[in-house]
Amino acid sequence: MAKRKERIGFIFEFKWLDSIEKRSDEERLKIYEAIVYYGCRGELRKIPKAAEMAFDIIKSTLDARKVDYDQKCEKNQKVAKEYQEKMKDLRANVNERSQSLRVGTDKTRLDKTRLNKENINIKERKDTNVSSCVCKAEKKKSYVNPLEVEEIDPIDEHFIKFRAWQKEKTPNILKLQYTNLITENEFWTLVLKIDPSRVDIDAAIEKIKNMVFQIENRKDLRKRYTNLYLTTLNWLKRNGEIKDEKISVEDLQK
């Protein structure tokens, strides 16, 4: 938790001067000195009895302001603590999901390797007619929808809605070269790069959707790139949407 910030001064009100300036030089000096020491250090100084009533009113005002400041500091510390705990839980959830996704990705790669070997064996068969039919069947089986492989049962509501939108609005990306879609961890990395202070997460997500939709409608981009996260990130940088380039996918796993 951040250390509490100490006060660096206090406010001297104009109306106090009205009740002090008509007094003698000696009384004014004593009252000013009493205000400064009490406002800065909380120390009470001796003042003439004739000025005690005026100082008591000033003292009550300084006390009330100190109480308000202490309450504000306590509230800010509480908010900061809740935010840190929330971010800690978010990082833990994202890290857990990332580990699960890595296991799923490795399994997918093994399946693709196995299918490639089977296709090679089929091509080497002597019966070309049978080989051709089997190859076509294997090609149909080898297509795996990335949405069904990479992210199984995502935990974050924003990411669930993003994947549902992607499945409906970007069919070309799913069918062609983009087998490496944006993972949940990469999704939140893009959000925090666009909006590091998390002031308007929905607006950041809309910017990501807009960029992915532009890629969906560019045939040349779909053929040149295969990593949707990196392509989206580079286009967001080009358009000046990235506010914090230091945030990375690894930061969410700490």
Side-chain angles (χ1 to χ4, degrees), residues 1-96 155-159 185 187-208 236 240-254:
M1 183 182 299
K3 185 178 179 182
R4 172 179 170 175
K5 186 178 180 181
E6 297 296 334
R7 293 189 305 159
I8 60 174
F10 65 91
I11 298 174
F12 188 99
E13 296 186 1
F14 294 155
K15 64 182 180 180
W16 296 350
L17 184 61
D18 296 336
S19 62
I20 297 174
E21 63 180 353
K22 296 179 181 180
R23 301 181 183 276
S24 65
D25 292 344
E26 182 179 358
E27 287 183 351
R28 287 203 302 271
L29 177 60
K30 292 291 184 181
I31 295 174
Y32 288 141
E33 187 180 66
I35 293 173
V36 171
Y37 272 88
Y38 189 76
C40 294
R41 300 179 181 175
E43 299 178 6
L44 290 173
R45 292 280 176 143
K46 291 184 179 181
I47 58 175
K49 289 187 177 181
E52 287 182 353
M53 182 178 294
F55 178 74
D56 287 342
I57 296 175
I58 296 173
K59 178 177 176 295
S60 299
T61 302
L62 292 174
D63 290 339
R65 287 179 182 159
K66 186 176 184 302
V67 171
D68 291 341
Y69 180 82
D70 291 340
Q71 291 177 348
K72 183 178 180 180
C73 288
E74 183 179 353
K75 181 179 179 181
N76 290 340
Q77 287 179 325
K78 183 178 179 181
V79 171
K81 182 178 179 181
E82 292 175 352
Y83 175 77
Q84 289 177 353
E85 291 177 351
K86 184 176 180 180
M87 290 302 296
K88 183 178 179 181
D89 293 339
L90 176 61
R91 291 190 182 98
N93 290 335
V94 171
N95 188 32
E96 182 179 351
I155 60 174
D156 182 74
E157 180 180 354
H158 291 91
F159 186 69
N185 202 3
F187 171 77
W188 276 108
T189 301
L190 290 175
V191 172
L192 293 179
K193 280 179 176 289
I194 297 172
D195 184 13
S197 59
R198 300 172 64 90
V199 174
D200 194 347
I201 292 178
D202 292 335
I205 294 174
E206 285 301 319
K207 292 179 180 180
I208 297 172
L236 288 170
E241 301 291 353
I242 300 300
K243 307 301 181 185
D244 188 348
E245 296 188 6
K246 296 181 180 180
I247 298 177
S248 64
V249 176
E250 289 75 13
D251 292 336
L252 297 182
Q253 298 176 357
K254 295 181 180 179

Which heavy atom of [X] sits nearest to which heavy atom of [Y], and what is that distance?
{"X": "K243", "Y": "P196", "answer": "CB-CD, 3.8 Å"}
{"X": "D200", "Y": "D195", "answer": "N-OD2, 2.7 Å"}
{"X": "K46", "Y": "K30", "answer": "O-CD, 4.1 Å"}

Quick one: pull up [atom1] in [X] and [atom2] in [Y] and give me the separation to the nearest 0.5 Å.
{"X": "L190", "Y": "I194", "atom1": "CG", "atom2": "CD1", "value": "6.0 Å"}
{"X": "K15", "Y": "T61", "atom1": "NZ", "atom2": "OG1", "value": "5.5 Å"}
{"X": "I47", "Y": "Y38", "atom1": "CD1", "atom2": "OH", "value": "12.0 Å"}
{"X": "H158", "Y": "I205", "atom1": "NE2", "atom2": "CD1", "value": "4.5 Å"}
{"X": "Q77", "Y": "K72", "atom1": "CD", "atom2": "NZ", "value": "13.0 Å"}
{"X": "L192", "Y": "F187", "atom1": "CG", "atom2": "CZ", "value": "10.0 Å"}

Item to complete: Give a yes or no answer on whether the side chain of R28 reaches the backbone of R23 with a donor-acceptor pair at less than 3.5 Å.
Response: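 Yes, because the side chain of R28 sits within donor-acceptor range (under 3.5 Å) of the backbone of R23.
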
Worksheet item: Hey, is the main chain of I11 close enough, under 3.5 Å, to the side chain of R65 for a donor-acceptor pair?
Response: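 Yes.
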
Discussion item. Can you classify the ring geometry of Y32 versus F12 as parallel (below 30°), tilted (30 to 60°) or perpendicular (above 60°)?
Written reply: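 Rings of Y32 and F12: tilted, 30 to 60°.
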
Item to complete: Mark yes when over 12 heavy atoms from residues, nucleotides or ligands other than E33 sit less than 6.0 Å from its CD; otherwise mark no.
Response: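 Atom CD in E33 is crowded, with more than 12 foreign heavy atoms closer than 6.0 Å.
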
Discussion item. For the CD atom on E26, are there more than 12 heavy atoms of other groups (residues, nucleotides or ligands in this structure) within a distance under 6.0 Å?
Written reply: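 Count not over threshold, so no.
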
Discussion item. Quick one, Q84 and K88 - any side-chain contact, counting heavy atoms below 4.5 Å?
Written reply: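 A side-chain contact under 4.5 Å is absent here.
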
Worksheet item: How far apart are the C-alpha atoms of I35 and F10, what are their side-chain angles, what is the distance that settles it, and do they pass the side chain to side chain contact (heavy atoms under 4.5 Å, CB included) test?
Response: CA-CA 10 Å; I35 293 173; F10 65 91; 3.9 Å; yes

Discussion item. Side chain to side chain contact (heavy atoms under 4.5 Å, CB included) for L236 and K193? Distances and angles first, verdict last.
Written reply: CA-CA 10 Å; L236 288 170; K193 280 179 176 289; over 6 Å; no

